[in-house]
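What follows is one structure encoded as C-alpha cells, with my remarks underneath.
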Amino acid sequence: MLDIKLIRENPGLVKTGLTNKNDNHRIDELLELDKKRRELITLGDELKNQKNKVSEEIPKLKKAGTDTQPLFEEMRQLGEKIKKNDDELRVIEEEFEKILLFTPNLPHESVPVGKSAEDNLEVRRWIPEGLNIETKKEVLDHIQLGKNNKILDFDRGTKITGSGFPLYTGRGATLERALISFMLDFHIRNHGYTEVMTPFIVNKDSMRGTGQLPKMADDMYFIERDGLYLIPTAEVPITNIYRNETLEEETLPVKFVGYSPCFRREAGSYGRDSKGFLRVHQFNKVEMVKFVKPENSYDELESLVANAEAILKALNVPYRILLLCTGDLSFSAAKCYDIETWSPAEHKWLEASSCSNFESFQARRANIKYKAGGKKGEFVHTLNGSGLATSRLMVSLLENNQQPDGSIVIPEALRPYTGFDVIEPNRS
RNA sequence: GGAAAGGUGCCGGAGUGGUUGAACGGGCUCGCCUGGAAAGCGAGUGUACUGCGAAAGUGGUACCGAGGGUUCGAAUCCCUCCUUUUCCGCCA
C-alpha cells in the first residue's frame, strides 16, 4: 500500500511511477475521495465532541436535580446525525480503501523504464567453465529424461489430480527432497538465515498483507468453506509472521528461510509453456524473506540475489540475472531481479527465482514496524527471493547433467543429500 | 464436534452503565540523592486518524480480542465471529 500522504503531496510523481508500471491508476479519483473523507471525519468528530460534552454534563445535572429529559431528545437527534455522517463516511472509506489496495507499488528510481519483459536488462550471467550454450546440442528434454529414468511421471500426476501436478518417483523424489534440504542448509549455514516451517494455508488478512489480495484472487486456490487460501509462495506466511507487530531496532535485519509447496491456478495461461515442469500448479520452493531497516534495503536486495546465485554456482547450473523493467515488475515490488537458469533442450532461459524489494509496501499493508529506543515506530522494508524454485531448477539440472548413455550425473554438492551420484535408466 | 471459563496498556492485575486512556503493583525513561551504585523520592511512559503550526507542540475523535446492536451515555448489557485454557469425543 502506498502512503496516502505521499500521494497527496506528490501526485505527479506517483502517477508517473504507476504509468511506467503499466497501471491504469485512479489517483485523481483517490484524491477526491480523500478530500471528501477528511471533510466527513472533521464534521463527525465535531458532532461527537458535542455529544461527549453533553454526556459529561448529564450526571452533574441529575445530581443537581435538573430535568434532563429535554436534553435526551436533543441528544437523540445528535446521535442520528452522527450515524448518518458515519454511514456516509463508511461508503467513502470503503471505496477509498479499495482503490488504495488495488494500487501497485511504485518502481524504484534505479529501475529501467520499459513496457514488457523485452525491456528487462541482463546484468550478468554465469556459465560453468567449458560449457557453451550458444551452439544447439541434441539433448533430451526433462520430460523424456524423467520418463527414461523413471523419476518423473507427469501422466500419473495428471491422473491423481489434474495437469500441472507432478509426481516424482524413486530417485526423482529423492533428488527433489535432497535439493530442498541442500538449499535450506546452504542458506542457514552460509548466509545467516533462520529456518521456519509455516502453515501452507493462510487467511485473507495474510494474503492482503503481502499484496496477493485483492488483485490476484483468481490466481489462488481458495477453500470456500473455511475462507482460507493455499499459498502461492512461502513469502506469504513468512512475511506475515510479523503482521501487526513492532520489532526492536536491534533485532533487524531478520532473515528467514523456509520451504513450502506453492499452489498456483495460473488462470489465463493455459496452453502457454504447459509442458512438463515449465508451468505447473504445484511446485516446491525454498524462500528467503528479510525484514530490514529502510536505509539498508537496497544493499539487502543485492545480497539476497547473491545468496540465490550461490546455490546455482554450487550446483554448477548456468544462469543469468535480469533487472526487471518498470512494466514487468510485479504488483508489490519496487525493484526486482529475476534469475533464469539455462535449459539446453528448450534452448532458452527459465525463470527460477525472483528477488524483490517491496520497500514499505507490504509493511504498510501488514502493519509491520520497527522501533528505535523511545522513538516513534516506522515501517520496515520487506524483501524476498526464491532460493530457489525446484521445478525449473530441476529442468536445468537434469538437462545439463545428462550423459550420452542417458544417465544423469548428480552435482558433487548434492551427493551427501541424495546418497547416490548418478541416476540411470533401467533402475528404480 | 460437544461443554465450561477466559481475552483489559510493555507485564501482572482492578474495574459490571456516567470526568476510566483506564485504579493498584511491576517494568522502562528522565530528574533528585550518591564518590559511584543500590535503596529512597519526584515526574513521565500507547497507537491510529484528523484540525492548527515551519517545527517543538497543541485541539479533537477513535481504540479495553474483532465486528455489529441497545442507551442521552458502554471496558461494563445483548448478538455474531475469532482466539486461549480445561474437560469429553475423535484422531496422525
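Protein chains get the first letters and strands the later ones, always in sequence-line order, with residue 1 at the start of each.
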Determine which bases of RNA chain B form Watson-Crick or G-U wobble pairs with both distances under 3.5 Å, and write the result as a 5' to 3' dot-bracket string with | for other-strand partners. ((((((((.[[[..)..(.....]]]((((((.......))))))(((((((....))))))).[[[[[..)....]]]]])))))))....
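- G36(B) and A54(B) are spaced 45 Å apart, taking the P atom of each and rounding to whole Å.
- Using a cutoff of 4.0 Å between basic side-chain nitrogens and carboxylate oxygens, Lys48(A) and Asp86(A) are scored as salt-bridged.
- Each of Ile58(A) and Lys48(A) has a nearest nucleotide on RNA chain B; the 5'-most of these lies closest to Lys48(A).
- Note: CZ (Phe72(A)) to P (G73(B)) measures 9 Å, nearest angstrom.
- In the set C49(B), U61(B), C72(B), the nucleotide with an atom closest to the side chain of Asp45(A) is U61(B).
- The CG atom of Asn49(A) sits 15 Å away from the C1' atom of C52(B) (whole-angstrom rounding).
- Using a 4.0 Å cut-off between charged side-chain N and carboxylate O, Glu80(A) and Lys83(A) make no salt bridge.
- For Glu56(A), taking side-chain heavy atoms from C-beta onward, the closest of the listed nucleotides U19(B), G73(B), U47(B) is U19(B).
- For the C1' atom pair drawn from U20(B) and A75(B), the interatomic distance equals 9 Å after rounding to whole Å.
- Comparing the same atom, C1', in A22(B) and in U16(B) gives a spacing of 15 Å after rounding to whole Å.
- Remark: the separation of the P atoms in G35(B) and G46(B) is 34 Å, to the nearest Å.
- Rounded to whole Å, atom C1' of U71(B) lies 13 Å from atom NZ of Lys83(A).
- Within the structure, every side-chain polar atom (N or O) of Arg37(A) is placed at least 4.0 Å from both OP1 and OP2 of C49(B).
- Atom-to-atom, CZ of Arg38(A) to P of A48(B) comes out at 17 Å; the value is rounded to the nearest Å.
- Residue Arg364(A) is out of contact with every strand shown, counting any heavy-atom pair closer than 4.0 Å.
- Nucleotides G53(B) and G59(B) are separated by 12 Å at their C1' atoms, to the nearest Å.
- With contacts defined as side-chain heavy-atom distances shorter than 4.5 Å, the pair Arg8(A)/Arg38(A) qualifies.
- Between Asp205(A) and Arg208(A) a salt bridge is recorded (basic side-chain N to carboxylate O distance below 4.0 Å).
- One atom, CD of Glu9(A), and another, C1' of A54(B), lie 14 Å apart when rounded to the nearest Å.
- Around the NZ atom of Lys115(A), the shell of radius 6.0 Å holds no more than 12 heavy atoms that belong to other residues, nucleotides or ligands.
- Checking the phosphate oxygens (OP1, OP2) of A62(B), a side-chain nitrogen or oxygen of Asn52(A) falls inside 4.0 Å.
- Comparing the same atom, P, in U45(B) and in C10(B) gives a spacing of 14 Å after rounding to whole Å.
- For Tyr370(A) and U47(B), the OH to P distance is 15 Å, given to the nearest whole Å.
- Going from atom CG of Asn367(A) over to atom P of C49(B) covers 10 Å, rounded to whole Å.
- Among residue pairs with one or both ends in residues 180-197 of chain A, those qualifying as salt bridge (charged side-chain N to carboxylate O under 4.0 Å, His left out) are Asp185(A)-Arg189(A); sequence neighbours excluded.
- The aromatic ring centres of Phe263(A) and Phe200(A) sit 6.0 Å or more apart.
- Distance Lys53(A) NZ to G18(B) P: 23 Å, rounded to the nearest Å.
- Distances from the side chain of Ile41(A) to the nucleotides G46(B), U50(B), U19(B) place U50(B) closest.
- If you take atom C1' in G6(B) and the same atom in G65(B), they sit 11 Å apart, rounded to whole Å.
- Closest approach to the Lys369(A) side chain among U50(B), U47(B), C72(B) is made by U47(B) (side chain taken as heavy atoms from C-beta onward).
- Between Tyr168(A) and Phe277(A), the ring planes lie tilted relative to each other; the angle falls in the 30° to 60° range.
- Checking C72(B), U19(B), G51(B) against every side-chain atom of Met75(A), the shortest atom distance belongs to C72(B).
- Under the ring-ring contact (aromatic ring centres under 6.0 Å, His included) criterion, Tyr337(A) pairs with no residue, sequence neighbours left out.
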